[in-house]
Amino acid sequence: PDASHPTSPFFITPMSGHSISRVFRANLVHCLSLSPNDFQIFEDALIGINSEGSISFVGSGDSISQLSKQFNFDESLVQVLGANKFLVPGLIDTHLHAPQYAMAGTGTDLPLLDWLNKYTFPTESKFADLNVAKKVFTNVIKRTLSFGTTTGCYFTTIHLESTKLFSDLVSKIGQRAYVGKVCMDRNSPDFYVENSAQDSLNSTEEFIKYVQEDENRRKLVTPVITPRFVPTCSETLLKGLGQLATRYNVPIQSHISENCSEVGWVKELHPDQSSYTDVYKHFGLLNDKTIMAHGIYLSDDELKTFSECGSGISHCPVSNFTLSSGVLDVRRALDAGVKVGLGTDVSGGYSSSLWETIRQSVLASNTFKFGGKSYKEVNFKEAFALATLGGAQVLGLEDKVGNFVPGKAFDAQIIDLEASGSNIDLVEWDTIEDKFQKFLFLGDNRNVESVFVNGRLVAGTSHKE
């Protein structure tokens, strides 16, 4: 339903062994699937979070007496949020470059390959300096959290020590993160390239162990195999990265079919492979743990391969518009059975807000209707689903985060439509769905009152460090 007020609890799980630590009575918005029919707004919901940071129950507000007895909590624990606040799942950014946050909002005048050489590689090369890395990395983590992004899938740089530093910072600050040290050993400037394929593989393996062998670090951080993209990685490196992915059972992330010149370059470099997709597949880098950014120019056969391998696409419309790369047909990818999430792609994408990405994914989809063409566009409900549950599916986290199903971690945000300085004006005839849609298109981090990861308050206007 678009909006409902259930008269009895709509989700219940068996009593857990953990005590209830937080209970909210609030308007609740989430998606049970990517279908707009499974977009749900509940005007008076009750949600309980246990001491482990997981959701114990979700019920209706008027079932408070029953739930307090069943889950053994005092009704005084309940925090009532009010009519113009929402509880929303944390957003999941499936593709962004942490060092490029330093250049966000600049360098919007060139297409991809020229943009990399003129702006990106010189910027990323500065991150050999850990002082530079600490400042920028801290800023990007806190900035994305301020917009309600509870999970980020990050590229760092080719520098092992700064990548280790990023994993420490993101773990300490409290964001859930997939983190990959960038691998590139060819077709790169002399000042920003790894010495050899073996050096790249060695540092990648060391980073994987650095995360996996530390119990506290691996609670929130997952290491990711990260070839920058095919043109900057030798066959030896690609093969070795595929082997590391298998050996350590870790995710893989890269770029694919973002730009026509890039696609042509890959054909020149790998004439023996039938497609860009087949290059990754040939080297063992395309499986159900693979996250590929963009995918604008994938053929039907390539989409079929993605679906068969269980690989996901991170749709990055802000970046695609900014760098004049093209427009991904999200509906076509979804209809082909491919997992799709959203990515800010900082800094090809100028904004670190995934809410902006949601908006532009709606606009990107609308372009396929230009000229009166018949097309089933991605509406705001589906775009919101892609930014939450869709992202969780792409990262293989759908059993852990993405909505408010009990048993999942409480990765969430409280949205306040009437926050100080808010860009949103309400009228008395606004429905509950109108209010949420206004926030989705007009809101920003001024409206994000609280951000929780694993039940822990980590950001928002109410958060005091």
Side-chain angles (χ1 to χ4, degrees), residues 1-90 148 150 380-381 384-385 388-389 392 398-418 426 428-440 449-452 455 457:
D2 290 341
S4 62
H5 186 114
T7 55
S8 60
F10 45 95
F11 292 130
I12 283 292
T13 53
M15 171 74 80
S16 73
H18 302 292
S19 60
I20 300 299
S21 60
R22 294 181 188 271
V23 181
F24 294 104
R25 187 168 184 173
N27 301 316
L28 182 150
V29 187
H30 77 162
C31 304
L32 290 179
S33 78
L34 300 189
S35 167
N37 293 328
D38 282 330
F39 170 88
Q40 296 185 322
I41 297 182
F42 295 100
E43 288 199 63
D44 183 24
L46 201 68
I47 182 167
I49 299 93
N50 64 36
S51 57
E52 295 294 296
S54 298
I55 301 167
S56 286
F57 64 82
V58 183
S60 62
D62 55 16
S63 63
I64 184 170
S65 178
Q66 173 192 341
L67 288 169
S68 65
K69 292 173 183 174
Q70 182 175 353
F71 289 90
N72 193 30
F73 66 88
D74 193 287
E75 290 186 25
S76 63
L77 186 65
V78 178
Q79 181 178 345
V80 180
L81 296 188
N84 291 319
K85 293 186 180 183
F86 289 89
L87 197 57
V88 177
T150 52
F380 81 91
K381 297 177 184 179
F384 172 67
T388 52
L389 185 59
E398 64 268 32
D399 293 333
K400 192 164 192 173
V401 294
N403 57 23
F404 291 130
V405 172
K408 292 190 178 186
F410 186 66
D411 284 17
Q413 52 189 311
I414 295 173
I415 303 300
D416 181 4
L417 301 183
E418 297 178 312
L426 301 174
E428 58 270 22
W429 58 84
D430 280 332
T431 66
I432 189 75
E433 185 173 303
D434 290 337
K435 291 178 180 181
F436 179 69
Q437 192 173 1
K438 281 188 173 184
F439 167 73
L440 189 147
E449 178 181 289
S450 304
V451 180
F452 300 89
L457 178 65

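In this chain, numbering begins with 1 at the start of the sequence shown.
The shortest non-hydrogen separation linking Val405 to Ile55 is O-CD1, 4.0 Å. Here the closest non-hydrogen pair linking His18 and Ser51 is CB-OG, 3.5 Å. Listed here is the closest heavy atom pair of Ala392 and Val401: CB-O, 3.5 Å. For the pair Pro89 and Asn403, the tightest heavy-atom approach, listed with the atom from each and the gap, is CG-CA, 4.0 Å. Nearest heavy atoms, Asn27 versus Glu43: OD1-O, 2.5 Å. Considering all non-hydrogen atoms of both residues, Ile47 and Leu28 come closest at CD1-CD1, 4.4 Å.
Note: Phe436 and Phe380 have tilted aromatic rings, judged against thresholds of 30 and 60 degrees for the angle between ring planes.
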Does the side-chain contact (heavy atoms from CB on, under 4.5 Å) test come out yes or no for Phe384 and Val88, once each step is laid out?
CA-CA 10 Å; Phe384 172 67; Val88 177; 3.5 Å; yes

Does the pair Phe57 and Phe71 meet the rule for a ring-ring contact (aromatic ring centres under 6.0 Å, His included), with working shown?
CA-CA 9 Å; Phe57 64 82; Phe71 289 90; 4.7 Å; yes

Stepwise side-chain contact (heavy atoms from CB on, under 4.5 Å) test for Leu457 and Arg22:
CA-CA 11 Å; Leu457 178 65; Arg22 294 181 188 271; 4.1 Å; yes

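Ion pairing between Glu433 and Lys381 holds under the 4.0 Å rule for side-chain N and carboxylate O.
Taking NZ from Lys408 and CG from Asp399, the interatomic distance works out to 7.0 Å, rounded to the nearest 0.5 Å. Here the CD-OG distance, from Glu52 to Ser19, works out to 9.0 Å after rounding to the nearest 0.5 Å. Separation of atoms CD1 (Ile41) and OG1 (Thr431) is listed at 7.5 Å; rounding is to 0.5 Å. Here Ile432 contributes atom CD1 and Phe86 contributes atom CZ; the two are 4.0 Å apart, rounded to the nearest 0.5 Å. The distance from atom CG of Leu426 to atom CG of Asn84, rounded to the nearest 0.5 Å, is 5.0 Å. Rounded to the nearest 0.5 angstrom, Leu389 CG and Ser33 OG are separated by 7.5 Å.
Although no hydrogens or angles enter the test, the distance criterion places no donor-acceptor pair under 3.5 Å between the side chain of Lys85 and the main chain of Glu418. With hydrogens and angles ignored, the 3.5 Å screen pairs a side-chain donor or acceptor of Ser21 with a backbone N or O of Ile49. Side-chain atoms of Ser54 do not come within 3.5 Å of backbone N or O of Asn50 as any donor-acceptor pair.
Annotation: Phe404 is not in aromatic contact with Phe24 [ring centroid separation under 6.0 Å not met].
With a 4.5 Å cut-off on side-chain heavy atoms, Leu417 and Lys438 do not count as touching.
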